[in-house]
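Just follow the structure's listing: the first ligand is 1, and inside any ligand the first atom is 1. Nothing here was measured: the structure is a model prediction, and the numbers come from that model.
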Amino acid sequence: MHHFQYRDQVLFAEDVPLEKIGQEVGTPCYVYSYATLTHHFKVFDGAFAEVPHLTCYSVKACSNIAIVRLFARMGGGTDIVSGGELFRALKAGVPANKIVFSGVGKTEKEIAMALEAGILMFNVESEQELLTIAEVAKQKGKTAPISLRVNPDVDPKTHPYISTGLKKNKFGIDIQLAKSLYLKAKEIPYVRVVGIDCHIGSQLTTLSPFLDALERIKQLYKELEKEGLGPQYLDLGGGLGIPYHGEEPPHPKEYAQAIIKAAKDLNCTLIFEPGRVIVGNAGILLTKVLYLKQNREKNFVIVDAAMNDLARPSLYGAYHEILPVKNEDKEMLVADIVGPICESGDFLAKDRKIKQVNKGDLLAVMSAGAYGFSMSSNYNSRPRAAEVLVKGSEYFIIRERERYEDLIRLEKIPAWLE
Ligand code: LLP
């Protein structure tokens with residue numbers, strides 16, 4: 001359920017017509033719906049109400065500090081994967097003791113920063129990383145709370161670029177080796193084992209990979225318990241998918257019920273790291289038609305948003321529905337919807353059947369809230385789009401459109417070229 005709906009054939013974000021935002025803020029811009037964001041967080045978090053749990057929103061999905069703060073205000077924590085995300089989470093007001101730190105390549109500096117902040121736990125992805133965390137903790141005179149991110153070798157049946165829980169992936173610690181590393185960790189000073197973690201991939205549309213992974217993790221958990229190492233936290237990562245184009249992923253309640261049932265004999269607090277399922281359908285990318293053109297083979301609709309704004313179609317061949325902001329009765333057209341970037345891979349949609357559009361029309365690229373703005377870049381020296389948060393009949397610019405000066409802000413001309 002989301003709050004981007006037509007009223008009298010005009011597309012609204014909650015109670016604000018998108019045309020108004022297009023005119024006043026300009027395009028391209030990301031528009032998020034407060035009601036959708038909060039509803040999704042409540043549904044997900046509420047689905048686990050009957051068990052001790054913590055919902056750690058995955059900052060990478062949509063990293064704007066206003067959005068991160070919103071979930072923090074609702075009692076959420078965050079899942080972070082870099083010093084930059086830690087900085088954002090703290091700026092957004094997320095209590096440090098609700099932050100989990102994942103990622104295969106944490107630097108010493110990032111580890112030190114997280115120790116100083118006092119995060120809930122490090123999800124450790126290799127033995128060398130474990131030793132480095134212990135070393136940094138020793139220097140700081142602190143004890144680092146850790147869990148091992150276990151790679152359960154389960155096929156999440158999603159796009160290969162976003163599957164992470166197979167043994168051929170770079171993520172996590174091979175489940176066969178995890179027990180011995182846990183036993184080692186138990187003996188290492190300055191680290192304290194508090195959890196067990198796994199995240200097998202993103203945009204999962206069935207429950208079975210989650211449950212298969214959980215079964216494997218449970219076995220390990222039980223073995224660890226026998227060794228006097230019953231971790232307090234079980235972090236099951238993120239990954240629940242959303243409908244982009246007819247997919248029918250399990251509802252969060254269904255996901256929660258299955259997990260609660262499978263995990264009920266474990267004596268621990270569950271942690272989740274949802275990203276897409278919370279923000280994916282809560283945001284759109286608003287863009288304007290610049291030109292129409294045809295060649296002998298194809299129709300092209302050239303819009304002012306490009307792969308630098310939304311990389312998912314180019315990178316994963318991802319499908320995003322594209323809707324006219326004014327939904328008039330018109331002929332249908334089959335076209336590639338492309339951006340201004342100088343790459344053939346710069347498209348938002350290929351061979352897409354849409355209603356005939358004209359120069360100047362606004363289009364909404366739907367389900368762009370997750371991995372949209374957060375993956376955007378300045379390629380072709382395009383200033384990054386503005387981000388807007390709609391709440392009822394009001395809207396707020398939560399990130400200004402970048403200016404040309406922002407593009408060169410950190411660049412320097414050496415003296416010998418002056
Ligand atoms: N936890 C960890 C350790 C992760 O690596 C991720 C996502 C999440 C949680 C959140 O997963 P979610 O609930 O959003 O599925 N750029 C890709 C998705 C990359 C996902 C990376 N990791 C896309 O646009 O589809």
Side-chain angles (χ1 to χ4, degrees), residues 37 40-41 43-45 54-63 67-68 71 76-82 85 89 99-106 120-125 129 147-152 156-166 169-173 195-206 209-210 213 234-245 247 249-250 252 255-256 259 270-283 285 307 309-320 348 365 367-377:
L37 291 165
H40 285 176
F41 186 88
V43 167
F44 188 96
D45 193 54
L54 179 62
T55 302
C56 290
Y57 167 64
S58 190
V59 173
K60 66 177 86 61
C62 182
S63 318
I67 306 247
V68 178
F71 301 135
T78 52
D79 157 54
I80 58 158
V81 290
S82 68
E85 287 192 351
I99 297 177
V100 296
F101 193 172
S102 311
V104 292
K106 304 173 191 76
L120 179 63
M121 68 183 181
F122 292 88
N123 289 335
V124 175
E125 304 224 15
E129 185 197 335
S147 81
L148 297 188
R149 175 169 174 182
V150 175
N151 182 328
K157 299 192 181 68
T158 183
H159 191 286
Y161 282 15
I162 53 177
S163 81
T164 50
L166 283 166
N169 297 131
K170 70 176 174 180
F171 296 97
I173 291 155
I196 182 164
D197 167 50
C198 84
H199 167 82
I200 55 173
S202 197
Q203 183 54 15
L204 272 66
T205 52
T206 56
F210 289 115
L234 173 58
D235 181 343
L236 292 171
L240 191 56
I242 61 167
Y244 283 100
H245 185 44
E247 298 91 335
Y255 165 81
I259 286 179
L270 298 178
I271 294 181
F272 298 93
E273 304 171 355
R276 189 188 320 260
V277 71
I278 309 283
V279 294
N281 287 325
L285 173 60
M307 66 189 286
D309 300 301
L310 181 66
R312 304 193 71 257
S314 308
L315 198 53
Y316 316 115
Y319 184 102
H320 285 262
L348 299 177
V365 184
S367 310
Y371 308 105
F373 186 89
S374 63
M375 288 176 74
S376 67
S377 79

Taking 4.0 angstrom as the limit and counting only heavy atoms of [X], give me the atoms of ligand 1 inside it, by number and element.
X      : value
Arg276 : 12 (P), 13 (O), 14 (O), 18 (C), 23 (C), 25 (O)
Arg149 : 3 (C)
Pro274 : 13 (O)
Gly238 : 9 (C), 13 (O)
Glu273 : 1 (N), 2 (C), 3 (C), 8 (C), 9 (C), 10 (C), 13 (O)

Below a 4.0 angstrom heavy-atom separation, can you tell me which part of Tyr316, side chain or backbone, both or neither, approaches ligand 1? side chain

Would you kindly specify which portion of Arg312 sits under 4.0 Å from ligand 1, judged on non-hydrogen atoms: side chain, backbone, both or neither? side chain

May I have the step-by-step check of salt bridge (Lys or Arg N to Asp or Glu O under 4.0 Å) for Asp235 and Arg149, ending in yes or no? CA-CA 9 Å; Asp235 181 343; Arg149 175 169 174 182; over 6 Å; no

Nitrogen or oxygen of [X] less than 3.5 angstrom from that of ligand 1:
X      : result
Ser202 : yes
Tyr371 : yes
Gly275 : yes
Ser58  : no
Gly239 : yes

Hey, is the main chain of Asp79 close enough, under 3.5 Å, to the side chain of Glu273 for a donor-acceptor pair? no

State whether a side-chain donor-acceptor pair under 3.5 Å links Ser102 with Asn123. yes

Closest approach of Tyr319 and Tyr244, non-hydrogen atoms and distance? O-CB, 3.5 Å

Would you say Asp79 contacts ligand 1, with heavy atoms under 4.0 Å as the rule? yes

Taking the side chain as everything from C-beta on, heavy atoms only, tell me whether [X] gets closer than 4.5 Å to [Y].
X      : Y      : value
Leu37  : Phe71  : yes
Leu240 : Leu204 : no
His320 : Leu310 : yes

Please confirm whether Lys60 makes a cation-pi placement over Tyr371, using NZ or CZ under 6.0 Å from the six-membered ring centre and within 45° of the ring normal. no

Would you please indicate yes or no on a ring centroid separation below 6.0 angstrom for Tyr255 and Phe210? yes

